[in-house]
Number of protein chains: 2
Amino acid sequence: MDKKIKRERSSATKTHILSILEEKKQALAHKDIQLLLDNSVDRVTIYRALDRLVDEGKIHKVTGMEGIVQYAICHNCNKEEHHHNHIHFHCVQCETISCIENVEPKFKLPDGYTVENVQCMVSGVCKNCNSL
Amino acid sequence: MDKKIKRERSSATKTHILSILEEKKQALAHKDIQLLLDNSVDRVTIYRALDRLVDEGKIHKVTGMEGIVQYAICHNCNKEEHHHNHIHFHCVQCETISCIENVEPKFKLPDGYTVENVQCMVSGVCKNCNSL
DNA sequence: GTTTATGCAAATTCTTTGCAATACT
DNA sequence: AGTATTGCAAAGAATTTGCATAAAC
């Protein structure tokens, strides 16, 4: 029940994953990351590195429309506070998921409900694909 | 690539699943449904019945915060048109997911984006639990 | 009688766990 | 030295596929 006191440590896998996510500027699934790592890193190692990055507030999990789990860079988070109420956009043409930073959905629930967290997935055609 | 021409047919499993979902008034996972069917129906049969019900526009899939797939009754859908832009509410106390009908999230995406579909998961405490 | 639904076995995919070896600080 | 990371093997959960039998229309 007690929190594991784990010091953050750099690791080849974590660094590499982060730079991939930075470069692609979109959410990627475990599978994609493994491929982009040239299959040179063990599946399990990738799972664990992703978990640690999530714990450290560096990336966050996004579950796509079809239930596929993906990971994206966190821009406004740290280990203590997470802010993922922004919209995730799934482009049906280029099949990518990306974060629309600074756009939060507004809504009014019926009386009696208390809101803690919001996850919003919007699908459609992204800026890039629309301008082709 | 061609659509399977399947006539809709009644079946014990489909009917039973529908009445369970109607009665519970919340989204249920495959697992829950199997249990509520007293484990008397084969896992695979349930998966297939759920798929068919989704195709027929009778129920829709909801993927919860933690990636658990659940199914809920459709109130405004048919085989041709689906309207699931309403909010799905996940209560962290009673651990249920339910549809908040008629509440759609509003947001404004940057120029260039075209919206086709919206899926919004809100977690918090539901009306029932808040009034206890 | 033709098509769809069911049950069983088996295969796939995704994810997690245990453990020994290695790397980081 | 002490703790976190890695790789491998193996287990576990969720979902899908194939095929023969049963049921619906």
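Not measured: the values here are computed from a predicted model. Letters go in sequence order (proteins before strands), and every chain restarts at 1.
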Determine the contact category for B/T45: base if any of its heavy atoms lies under 4.0 Å from a base atom, sugar-phosphate if only primed atoms, P, OP1 or OP2 are that close, otherwise nothing.
base
On DNA chain C, check which nucleotide each of B/S10 and A/K31 is closest to and give me the residue with the more 5' one.
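Its nucleotide being nearer the 5' end, the pick is B/S10.
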Can you measure [X] atom [atom1] to [N] atom [atom2] for me and round it to whole angstrom units?
X	N	atom1	atom2	value
B/R43	C/dA10	CZ	P	13 Å
A/N39	D/dG7	CG	C1'	15 Å
B/D42	C/dA10	CG	C1'	13 Å
B/D32	D/dA14	CG	P	10 Å
A/L50	D/dT5	CG	C1'	14 Å
B/E66	D/dA14	CD	P	14 Å
A/E56	D/dA4	CD	P	12 Å
B/L35	D/dA14	CG	P	13 Å

Would a 4.5 Å heavy-atom cut-off, applied to side chains only, mark B/I68 and B/T63 as touching?
no
For a 4.5 angstrom cut-off between non-hydrogen side-chain atoms, does B/E116 reach A/V122?
no
Looking only at the aromatic ring of each residue, does the gap between the centers of B/H88 and B/H60 stay below 6.0 angstrom?
yes
Distance from A/S123 atom OG to A/H90 atom NE2, nearest 0.5 Å?
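Here the rounded value is 6.0 Å.
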Rounded at 0.5 Å granularity, tell me how far OG1 in A/T13 sits from CG in A/L18.
11.0 Å
Just compare [options] and give me whichever is closest to any side-chain atom of [X].
X	options	result
A/V41	D/dG7, D/dT6, C/dT16	D/dG7
B/T13	C/dG18, D/dT17, C/dT6	C/dT6
A/V69	D/dT16, C/dG18, C/dT15	C/dT15
B/S11	C/dT16, D/dC25, C/dT6	C/dT6

Residue-phosphate contact under 4.0 Å: B/R52 side-chain N/O, C/dT4 OP1/OP2
no
Let me know, please, whether B/R9 or B/Y47 comes out on the 5' side of the other along DNA chain D by nearest nucleotide.
B/Y47
Assess whether one donor atom and one acceptor atom, taken from the side chain of A/R48 and the base of C/dT16, lie less than 3.5 Å apart.
no
